[in-house]
Protein chains: 2
Amino acid sequence: MKKYRDIGLKLTPQRLAILDYLEGNKCHPSADDIYKEVLKKFPTMSFATVYNTLATLKEKNTIRELTIDPGKKRYDSNTEPHNHLICVSCNQVIDIHVQFNLDLPQGMNKDFTVLRNHVEFHGLCPLCKEKQL
Amino acid sequence: MKKYRDIGLKLTPQRLAILDYLEGNKCHPSADDIYKEVLKKFPTMSFATVYNTLATLKEKNTIRELTIDPGKKRYDSNTEPHNHLICVSCNQVIDIHVQFNLDLPQGMNKDFTVLRNHVEFHGLCPLCKEKQL
DNA sequence: CTGGCTGCAAATCTTTTGCATCCTG
DNA sequence: CAGGATGCAAAAGATTTGCAGCCAG
């Protein structure tokens, strides 16, 4: 928990619970997932707090907001650049820690300043592949 | 319009209007954008029709659903594989017609069947870059 | 003590659904 | 003429907002 201190925010029990849940989680939970989980520890927890906290953490670059699920936002506590495998059947998202060095071809859209890139591999996860047999 | 015939669907004026709007549009409109536009020609148009049509066209692989905008789905009539520049400030989406041949490193997630990939370059479009000066 | 945070409720926005009616093929 | 499509309204799901009261620093 010491590491959270230098975020520069007030540390409330609710925030710690949200951070803890995100930290040990590779499943890229949605706001609703987070709410449901933290509700177990804090029965008074409200959605507003979850969204407030997520918005604040996003500003501080402590978490990433992923726009990979149609219909809802997902959150990732892993802020190091990495990419994703996405199952087209169950929408599961799997981290892959490979970097691709991609550049726009010379002269193409040279007015656009590229800050980073994100690669998504869409396909079938092992479980869904079996179901389709 | 002849090309629409072989989609294998009933062709209604509303559908033609939606297809026409998508066809001449590189802006990756949302369902609401489409609704607002087609409403001008068909004052009785309803959201249900827009969503029904989009769902049907997606099934027929006539359009792509893009999950690149936090909060809403966007639609792209360009179904050829291509990638996107995304402005982190105004959420504008720009097509780039470059293909990247990417593969997962040998042995990594070999249980996952990759069907396709999608590369997003996040950055600042010319207009937003100017505003930030 | 004070400003930021929480909790609740209401509002907003996007998308989905049920159903009666309409119209393409 | 039949089955699929439309239009309307209501519902569902995700997110945002306003505000009073609370608590970490």
Side-chain angles (χ1 to χ4, degrees), chain A residues 1-2 4-21 28-60 62-76 91 93, chain B residues 1-2 4-21 28-60 62-76 91 93:
Chain A
M1 327 291 176
K2 304 96 194 170
Y4 297 150
R5 203 140 308 164
D6 43 50
I7 298 176
L9 302 172
K10 282 195 182 178
L11 278 192
T12 65
Q14 291 88 339
R15 285 190 168 169
L16 284 177
I18 292 174
L19 279 168
D20 274 355
Y21 177 59
H28 313 80
S30 66
D32 190 57
D33 296 332
I34 298 168
Y35 172 67
K36 284 210 190 76
E37 184 62 28
V38 181
L39 198 60
K40 294 178 188 169
K41 283 191 191 171
F42 297 89
T44 64
M45 166 71 58
S46 81
F47 259 108
T49 299
V50 173
Y51 279 108
N52 278 339
T53 301
L54 291 173
T56 308
L57 292 175
K58 189 172 62 172
E59 270 174 33
K60 299 289 180 181
T62 300
I63 59 173
R64 265 171 75 183
E65 183 181 278
L66 304 179
T67 57
I68 49 186
D69 192 344
K72 65 180 83 169
K73 296 172 188 165
R74 303 258 211 126
Y75 296 88
D76 192 342
N91 283 331
V93 179
Chain B
M1 325 295 174
K2 304 95 193 169
Y4 298 150
R5 202 141 309 164
D6 43 50
I7 297 176
L9 301 172
K10 282 194 183 179
L11 278 191
T12 64
Q14 290 88 339
R15 286 191 167 168
L16 284 176
I18 292 175
L19 278 167
D20 274 356
Y21 176 59
H28 313 79
S30 66
D32 191 57
D33 296 333
I34 298 168
Y35 172 68
K36 285 212 190 73
E37 184 62 28
V38 181
L39 197 60
K40 294 179 187 166
K41 284 191 191 170
F42 296 89
T44 63
M45 168 70 58
S46 81
F47 260 109
T49 299
V50 173
Y51 279 107
N52 277 340
T53 301
L54 291 174
T56 307
L57 292 175
K58 188 173 63 171
E59 270 174 34
K60 300 288 181 182
T62 300
I63 60 173
R64 264 171 74 184
E65 183 182 278
L66 304 179
T67 57
I68 48 186
D69 191 344
K72 67 179 84 168
K73 296 172 187 166
R74 302 258 212 126
Y75 296 88
D76 191 343
N91 283 332
V93 179

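Chain letters run A, B, ... following the sequence lines, proteins first, then strands; residues in each count from 1. The structure displayed is predicted, hence computed values, not measured ones. All values below come from the heavy atoms of this structure, side chains included, with hydrogens, waters and symmetry mates left out.
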Report task. Pick base, sugar-phosphate or nothing for A/Lys72, based on heavy-atom distances below 4.0 Å to the nucleic acid. Result -> sugar-phosphate
Requested in this report: Round to the nearest Å and state the distance from B/Asn52 atom CG to C/dA20 atom P.
Outcome: 17 Å
Query raised in the report: Start at the 5' end of DNA chain C and walk down; is the nucleotide closest to B/Ala31 or to A/Thr44 reached first?
Result: A/Thr44
Query raised in the report: Starting at NZ of B/Lys58 and ending at C1' of C/dT16, how long is that distance when rounded to a whole Å?
Result: 12 Å
Query raised in the report: D/dT15, D/dA24, C/dC8: which one has an atom nearest the side-chain heavy atoms of A/Tyr51?
Result: D/dT15
Query raised in the report: Distance check: side-chain N/O of A/Gln14 vs OP1/OP2 of C/dG7, anything under 4.0 Å?
Result: yes
Query raised in the report: Which part of the nucleic acid, if any, lies within reach of A/Asp32 when heavy atoms closer than 4.0 Å are counted: base, sugar-phosphate only, or nothing?
Result: nothing
Query raised in the report: Whole-Å distance between C/dC23 P and B/Phe42 CZ?
Result: 12 Å
Query raised in the report: Atom CD1 in A/Ile68, atom CD1 in B/Ile68: separation rounded to 0.5 Å?
Result: 13.5 Å
Report task. Please report, rounded to the nearest Å, how far the C1' atom of C/dC13 is from the CZ atom of B/Arg74. Result -> 15 Å
Requested in this report: Nearest whole angstrom, please: distance from the C1' of D/dT15 to the CG of A/Asp33.
Outcome: 15 Å
Query raised in the report: Under 3.5 Å, is there a donor-acceptor pair linking the side chains of A/Ser30 and A/Asp33?
Result: yes
**Report entry** Which nucleotide in D/dG7, C/dG25, C/dT6 has an atom nearest any side-chain atom of B/Ser46
**Finding:** D/dG7
**Report entry** Rounded distance (nearest 0.5 Å) linking atom CG of A/Leu66 with atom NZ of A/Lys73
**Finding:** 12.0 Å
**Report entry** 5' precedence on DNA chain D between B/Met45 and A/Lys73 (nearest-nucleotide basis)
**Finding:** B/Met45
**Report entry** Separation of A/Thr53 OG1 from A/Tyr75 OH (nearest 0.5 Å)
**Finding:** 11.0 Å
**Report entry** 5′-ward residue of the pair B/Phe47/B/Thr12 relative to DNA chain D
**Finding:** B/Thr12
Query raised in the report: To the nearest angstrom, how far is B/Leu16 atom CG from D/dT6 atom C1'?
Result: 14 Å
Query raised in the report: Got a second to check how far B/Asn91's CG is from B/Arg74's CZ, nearest 0.5 Å?
Result: 6.0 Å
Query - For atom CG of A/Leu66 and atom P of D/dT15, their distance in whole Å - result: 12 Å
**Report entry** Distance, rounded to the nearest Å, where A/Asp69 contributes CG and C/dT14 contributes P
**Finding:** 17 Å
Report summary line: With the side chain defined as heavy atoms from C-beta on, A/Ala48 is closest, among D/dA9, D/dG18, C/dC5, to D/dG18
**Report entry** B/Thr49 side-chain proximity, nearest of D/dA5, D/dT17, D/dG7
**Finding:** D/dG7
